[in-house]
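As the structure is a prediction and not an experimental result, all values here were calculated from the model. Below, read A as the first sequence line, B as the second, and so on, with proteins coming before strands; counting in each chain starts at 1.
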Amino acid sequence: MPDPVLSDYWQYNFPPFFTIQPNLETRKAQLEAWSSLILNHCKNNRIFKIDLKKALTEPPFQNASISRGLTLDGLITIFENMKEKGVADWSDKNKSSVFIYWNTPEAWANLIYHWVYNVGYINNVCTLYEIVSGDETVKEPFHGLDYEVLKKSLQVLEKQGKATIISLDDNGGVKFLG
Amino acid sequence: MRRKYGLGAIQKQQNTEAKFKEKSEAITKEQIDKLTDQMNAFKSHLEKFATKHKKAIKKNPEFRRQFQVMCATVGVDPLQSSNNFWTRLLGVGDFYYELAVQVIEVCMATSYQNGGLIAIEDLLRRVKLSRCTARKKDEDITTDDILRSINKLNVLGNGLKVLKSNKSYIIQSVPKELSMDHTDVLRLASSNRGFTNKSIIRSELGWEENRIVKVIYDMIMEGLIWVDNQAESNAPHYWFPGLFSTSN
């Protein structure tokens with residue numbers, strides 16, 4: 001089945017797209033296209049985090065139909081570039097996986113706080129589970145959000161004085177402040 | 001026969017010559033008048049024809065081409081000026097100016113990807129796409145129209161260059177000079193799905209290694225080609241993005 005996102009990018013079938021380009025201007029255009037492709041792909045499939053080892057074996061980083069694929073160095077170059085743009089961040093120092101911010105933690109924080117405000121949970125305690133997996137948030141865009149991205153988003157709210165994090169393990173909770 | 005000598009004879013001769021000249025001028029004038037009349041009649045018929053088939057000229061590419069050829073034969077250029085009779089009547093001039101603007105837009109929008117080289121089929125496809133979204137679904141345009149509109153643009157200087165390649169054309173929108181070597185490699189790639197490599201260049205053009213390395217390096221630096229290090233042959237392939245999309 002053709003991927004609706006990938007078919008938007010002619011570059012995806014262009015063999016040199018999978019080789020990081022030596023000319024800086026060309027590389028800029030290439031990285032821009034990769035960044036846009038990855039963000040759209042992740043948004044469309046609700047992917048929050050990419051494991052680099054896994055990425056070396058599957059689309060969109062591999063295109064079996066033209067026998068081309070990004071190398072590990074290629075992947076790192078692309079994600080570093082996305083990090084500079086503020087749309088990705090390494091999950092650890094070893095760069096074994098990367099968060100993809102098709103919505104930034106700030107944007108998620110706003111969406112979550114907006115929901116809390118609307119349903120009247122200000123000054124209440126919610127568990128992390130309730131926020132991303134509870135029945136009440138099924139229709140919210142942040143339903144199913146990756147826990148680690150959720151934690152980053154809640155930390156944003158905490159900095160803004162809009163929340164107090166009680167504990168951040170997976171059964172943790174958070175109190176929202178007015 | 002008495003031979004004509006003397007002043008009288010010379011005068012007589014001159015008179016005769018003058019009369020001949022007069023007569024021949026009269027005949028020529030008559031012919032010119034007739035021709036002018038004919039041309040005027042033809043022109044007015046052509047105008048009537050054009051007015052009558054205005055829609056067809058705008059919509060049907062083959063009809064438009066034939067009309068252009070007909071106009072060219074009698075020395076009428078409906079595109080020449082924006083405020084002559086023809087353009088007012090037909091808006092044909094506008095048609096090509098508008099097209100020219102769209103051609104430039106596509107060239108500019110894609111130049112950061114393709115380094116300013118685009119195959120005419122790809123250009124046409126993209127121009128059509130942009131016209132489609134801009135409401136003009138009923139008009140069909142061809143590569144002939146694209147070439148004409150580019151030709152019109154050359155009045156303004158050498159903005160767009162047309163490079164002939166095999167049976168097709170490549171439009172160059174960057175003001176850099178392509179050397180003969182560059183153009184040769186470009187032609188080679190355009191008949192090979194948009195890419196080439198050292199061994200193809202060597203066997204097809206018979207160049208020395210240094211010459212090949214230099215032309216490839218130049219074209220990478222100009223942003224004209226992309227390097228593919230994962231080619232089956234192990235040696236890198238060099239792709240022209242502007243020639244790629246048409247190959248699929």
Side-chain angles (χ1 to χ4, degrees), chain A residues 1-40 52-53 55-78 81-82 84-85, chain B residues 106-119 121-123 125-126 129 133 173-174 176 182 189 192-198 200 213-248:
Chain A
M1 195 187 76
D3 186 302
V5 170
L6 299 185
S7 52
D8 275 353
Y9 293 86
W10 66 269
Q11 296 97 331
Y12 191 63
N13 290 306
F14 187 50
F17 192 48
F18 294 84
T19 299
I20 299 297
Q21 292 303 306
N23 175 329
L24 289 183
E25 279 301 308
T26 312
R27 184 187 301 186
K28 207 173 138 198
Q30 179 188 28
L31 293 179
E32 187 60 48
W34 266 117
S35 170
S36 158
L37 184 153
I38 292 170
L39 288 173
N40 276 325
L52 269 72
K53 268 202 188 118
L56 286 171
T57 63
E58 58 185 30
F61 309 101
Q62 306 294 313
N63 184 349
S65 66
I66 57 167
S67 320
R68 295 292 185 279
L70 284 169
T71 58
L72 187 61
D73 284 347
L75 279 175
I76 290 175
T77 307
I78 288 165
N81 173 263
M82 289 177 75
E84 276 168 36
K85 290 182 190 150
Chain B
V106 169
C107 286
M108 303 241 305
T110 54
S111 72
Y112 88 105
Q113 294 271 15
N114 57 28
L117 289 175
I118 189 165
E121 293 82 6
D122 193 28
L123 179 59
R125 191 179 56 78
R126 288 169 191 268
L129 214 66
T133 48
S173 60
V174 277
K176 44 190 120 152
H182 293 155
N192 190 38
R193 290 163 46 224
F195 79 91
T196 190
N197 63 23
K198 282 186 183 175
I200 296 178
V213 169
K214 176 167 189 322
V215 77
I216 288 172
Y217 176 81
D218 282 354
M219 292 180 109
I220 291 175
M221 286 303 121
E222 296 281 10
L224 294 173
I225 51 180
W226 288 47
V227 183
D228 173 23
N229 282 335
Q230 298 176 36
E232 296 76 5
S233 58
N234 285 327
H237 281 181
Y238 304 99
W239 288 82
F240 288 87
L243 304 180
F244 171 70
S245 8
T246 49
S247 60
N248 285 329

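- The two residues A:F18 and B:Q230 have their closest heavy-atom pair at O-NE2, 2.9 Å.
- With a 6.0 Å radius and a threshold of 12 heavy atoms from other residues, nucleotides or ligands, A:K28 has its NZ atom at or below the threshold.
- Closest heavy-atom contact between B:G223 and A:N23: N-ND2, 3.4 Å.
- Residue contact with chain B, scored on non-hydrogen atoms closer than 4.5 Å, is absent for A:E25.
- Ring planes of B:F244 and A:W10: tilted class, angle from 30 to 60°.
- The CE atom of B:M221 sits 8.0 Å away from atom OG1 of A:T26, with the distance rounded to the nearest 0.5 Å.
- Only the side chain of A:Q11 comes within contact range of chain B, with at least one heavy atom under 4.5 Å from a heavy atom of that chain.
- By the 30° and 60° cut-offs, the orientation of the rings of A:F14 relative to B:W239 is perpendicular.
- Atom-to-atom distance recorded for B:H237:NE2 and A:T19:OG1 is 11.0 Å, nearest 0.5 angstrom.
- Here the closest heavy-atom approach between residue B:D228 and residue A:P15 is recorded as OD2-CB, 3.4 Å.
- Note: A:G69 leads A:P22, A:S67, A:G69 in heavy-atom pairs under 4.5 Å with chain B.
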